[in-house]
K.L.:
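This is the structure I want to talk about, given as structure tokens.
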Amino acid sequence: LGPTITIGEILVEIMATDRGTGFLEPITLIGPYPSGAPAIFIDQCARLGGSAGIIACVGEDDFGRVNVARLRADGADVSAISTSPEFPTGSAFVRYRKDGSRDFVFNIARSAAAQIDLTAAARALIARSGHLHVMGTAFAIPGAIEIIEHAIAAIKARGGSISFDPNVRKELLGQSETRARFARLVDIADLILPSGEELFVAAGVEGEREAVHALFARNASEVALKRGANGSTVFTREGRRIDCPAFAVEEIDPTGAGDCFGGAYVACRRLGMPIEQALTYANAAGARNVTAKGPMEGAGTRAELDAFIAMTPGRST
Ligand code: ADP
């Protein structure tokens, strides 16, 4: 029915080489690494051979070029990435603290990422797409919300499907507008991919079983629960529960694991794989990605994920 598409921020990430607190003294930084949750998602989707495209905006600068070149090289449709003549590409400076939490300096709201628009190329991509993946991070960008609404209507009208990764920054959930958008997505998404507390926020109830049931009572037919180093579980509306243990890895940089997991799961399901197989690839994609520095540096092709899976005795697809 056409490519999987997503809408939202493309950024570069520039990260501190050591763990510590903040950016108040000179430290060594490395990057630029291609980033932005929707970009990571669509890159992993494309690398797995899923037809995939993104609607986004970058600046007329090297940070934009590095992102577009990466996505193109990995097979994503970049025709709907526009270029702002005025604003620089969005960026995130990141430093991990010793306890694993992170300090950020973001430039998103006043960057090209926020200049996203429903261009003719974006309309054309939406018109031929068969699946929309909405990332909660896009709710921070007013222009993206409008495009998401247009895409929802168009894709639903074509009989396409919708997935939702709640991934909303906590501060934004305090706003009633964001909560309403969130609730709307929960009401129309076929597949929801929450991580940790996001399940309860999405469902509006506590308790894993209760929350999953509440989502099935809305619209979802599948819920893929991400559990970090504890793997993941898919629940289906028919009452199936498929658990997938994590692949044991040394965690170098956890940023992007959930986005790679989502990109792999959606790509594999849309390629026609059964849940078990798609979930194994999704866990492998998430785990492989945390072994590499940089938010999408560990995204894998099918051959790379097969090789990664084969390194764990007893695991296969
Ligand atoms: P999010 O980034 O959305 O919070 P998670 O951290 O749960 O998502 O990561 C998504 C998936 O990536 C997990 O379900 C798991 O399969 C894999 N993953 C993440 N962190 C690790 C880890 N430390 N070891 C192994 N697998 C991991």
Side-chain angles (χ1 to χ4, degrees), residues 6 8-9 11 13 33 35-45 47-48 92 94 96 99-102 104 133-139 163-170 172-173 182 185 189 191-202 208 211-212 222-235 241-269 275-300 304-305 308-309 311-312 314-315 317:
T6 191
E9 73 282 8
L11 314 172
E13 184 175 300
Y33 289 114
S35 188
I40 301 166
F41 170 92
I42 215 67
D43 186 73
Q44 177 59 81
C45 204
R47 293 204 102 204
L48 265 170
V94 185
Y96 280 99
D99 66 4
S101 65
R102 292 171 291 183
F104 285 104
H133 180 76
V134 179
M135 312 233 39
T137 53
F139 291 164
S163 49
F164 178 44
D165 182 335
N167 197 5
V168 177
R169 286 213 304 279
K170 279 215 174 70
L172 289 177
L173 270 180
F182 197 95
L185 259 303
L191 163 67
I192 303 180
L193 304 107
S195 153
E197 291 290 306
E198 290 164 7
L199 172 66
F200 310 127
V201 179
E208 193 170 293
V212 169
E222 275 179 34
V223 175
L225 201 55
K226 296 174 273 180
R227 305 181 194 275
N230 294 315
S232 60
T233 304
V234 167
F235 298 90
R241 173 191 173 125
I242 301 103
D243 287 299
C244 189
F247 290 90
V249 291
E250 192 197 344
E251 190 175 284
I252 305 288
D253 179 1
T255 304
D259 308 322
C260 279
F261 176 98
Y265 190 74
V266 170
C268 290
R269 291 291 281 149
I275 292 174
E276 289 79 358
Q277 191 182 15
L279 193 55
T280 300
Y281 276 119
N283 275 265
R288 187 175 189 275
N289 196 51
V290 308
T291 64
K293 248 191 191 139
M296 70 165 83
E297 300 312 302
E304 285 165 345
L305 295 181
F308 175 85
I309 291 165
M311 289 187 328
T312 302
R315 300 290 293 270
T317 54

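Order of listing sets the numbers, starting from 1, for every ligand and every atom in it. What's counted below: heavy atoms across the whole structure, side chains too, no hydrogens, waters or symmetry copies.
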K.L.:
Side chain, backbone, both or neither: which part of Val249 has a heavy atom under 4.0 Å from ligand 1?
P.N.:
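Side chain only.
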
K.L.:
For Glu13 and Pro295, work out which heavy atoms get closest and say how close.
P.N.:
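Taking Glu13 first and Pro295 second, the nearest heavy atoms are OE1-CG, 3.4 Å.
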
K.L.:
Minimum distance, heavy atoms only, to atom 4 (O) of ligand 1: which one of Pro194, Gly228, Ser195 is it?
P.N.:
Ser195

K.L.:
Where do Asp243 and Arg241 come nearest, in terms of heavy atoms and distance?
P.N.:
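Heavy atoms only, the tightest pair is OD2-NE, 2.9 Å.
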
K.L.:
Which ligand 1 atoms does Gly286 reach within 4.0 Å, using its non-hydrogen atoms?
P.N.:
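Answer for ligand 1: 12 (O), 17 (C).
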
K.L.:
Taking all atoms of both residues into account, what is the closest heavy-atom pair of Thr233 and Arg227, and its distance?
P.N.:
OG1-NH2, 2.9 Å

K.L.:
From atom 8 (O) of ligand 1, work out which of Ala248, Gly258, Cys244 has a heavy atom at the shortest distance.
P.N.:
Gly258

K.L.:
Among all protein heavy atoms, pick out the one at the shortest distance from atom 16 (O) of ligand 1; state its residue, atom name and that distance to 0.1 Å.
P.N.:
Asn283 OD1, 2.8 Å

K.L.:
Short list, please: which atoms of ligand 1 are under 4.0 Å from a heavy atom of Arg227?
P.N.:
7 (O), 14 (O)

K.L.:
Could you check atom 25 (C) of ligand 1 against the protein and tell me its nearest heavy-atom contact, residue, atom and distance included?
P.N.:
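Its nearest protein heavy-atom neighbour is Phe247 O, 3.1 Å.
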
K.L.:
Answer yes or no: does an N/O atom from Val290 fall short of 3.5 Å to an N/O atom of ligand 1?
P.N.:
no

K.L.:
Heavy-atom pairs closer than 4.0 Å: do any link ligand 1 to the side chain of Lys226, the backbone, both, or neither?
P.N.:
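Both backbone and side chain.
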
K.L.:
Hey, which atoms in ligand 1 end up nearer than 4.0 Å to a heavy atom of Gly231?
P.N.:
13 (C), 14 (O)

K.L.:
Would you say Lys293 and Tyr33 make side-chain contact, with heavy atoms under 4.5 Å?
P.N.:
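Answer yes - side chains close enough.
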
K.L.:
Search all heavy atoms of Glu9 against all heavy atoms of Thr137 and return the closest pair with its distance.
P.N.:
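Taking every non-hydrogen atom into account, OE2-OG1, 2.9 Å.
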
K.L.:
Can you tell me which residue and heavy atom of the protein come closest to atom 26 (N) of ligand 1, and the distance to 0.1 Å?
P.N.:
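Heavy-atom neighbour on the protein nearest atom 26 (N) of ligand 1: Ala287 CB, 3.5 Å.
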
K.L.:
Give the atom numbers and elements of ligand 1 that come within less than 4.0 Å of a heavy atom of Glu251.
P.N.:
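Checking each atom against Glu251, I get 22 (C), 23 (N).
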
K.L.:
What salt bridge (charged side-chain N to carboxylate O under 4.0 Å, His left out) pairs are there with at least one residue in residues 252-267, not counting sequence neighbours?
P.N.:
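Residue pairs with at least one partner in residues 252-267: there are none.
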
K.L.:
Would you say the side chains of Ser163 and Arg269 form a donor-acceptor pair under 3.5 Å?
P.N.:
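Their side chains do not contain a donor-acceptor pair, so the 3.5 Å distance test is not met.
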
K.L.:
Can Pro254 be said to touch ligand 1, with heavy atoms closer than 4.0 Å?
P.N.:
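False for this residue.
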
K.L.:
Using the rule given for side-chain contact (heavy atoms from CB on, under 4.5 Å), can you reason through Arg315 versus Cys244, listing the C-alpha separation, both sets of side-chain angles and the distance that settles it, and then say yes or no?
P.N.:
CA-CA 10 Å; Arg315 300 290 293 270; Cys244 189; 3.4 Å; yes

K.L.:
Any idea how His133 and Phe41 line up, ring-wise: parallel (<30°), tilted (30 to 60°), or perpendicular (>60°)?
P.N.:
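Judged by the thresholds at 30° and 60°, the geometry between His133 and Phe41 is parallel.
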
K.L.:
Checking a contact table here: which protein heavy atom is nearest atom 11 (C) of ligand 1, and how many Å away?
P.N.:
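Result for atom 11 (C) of ligand 1: Phe261 CD1, 3.8 Å.
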
K.L.:
Checking a contact table here: which protein heavy atom is nearest atom 9 (O) of ligand 1, and how many Å away?
P.N.:
Ala257 CB, 3.6 Å

K.L.:
How long is the straight-line distance from OH of Tyr265 back to OG1 of Thr280, given to the nearest 0.5 Å?
P.N.:
10.5 Å

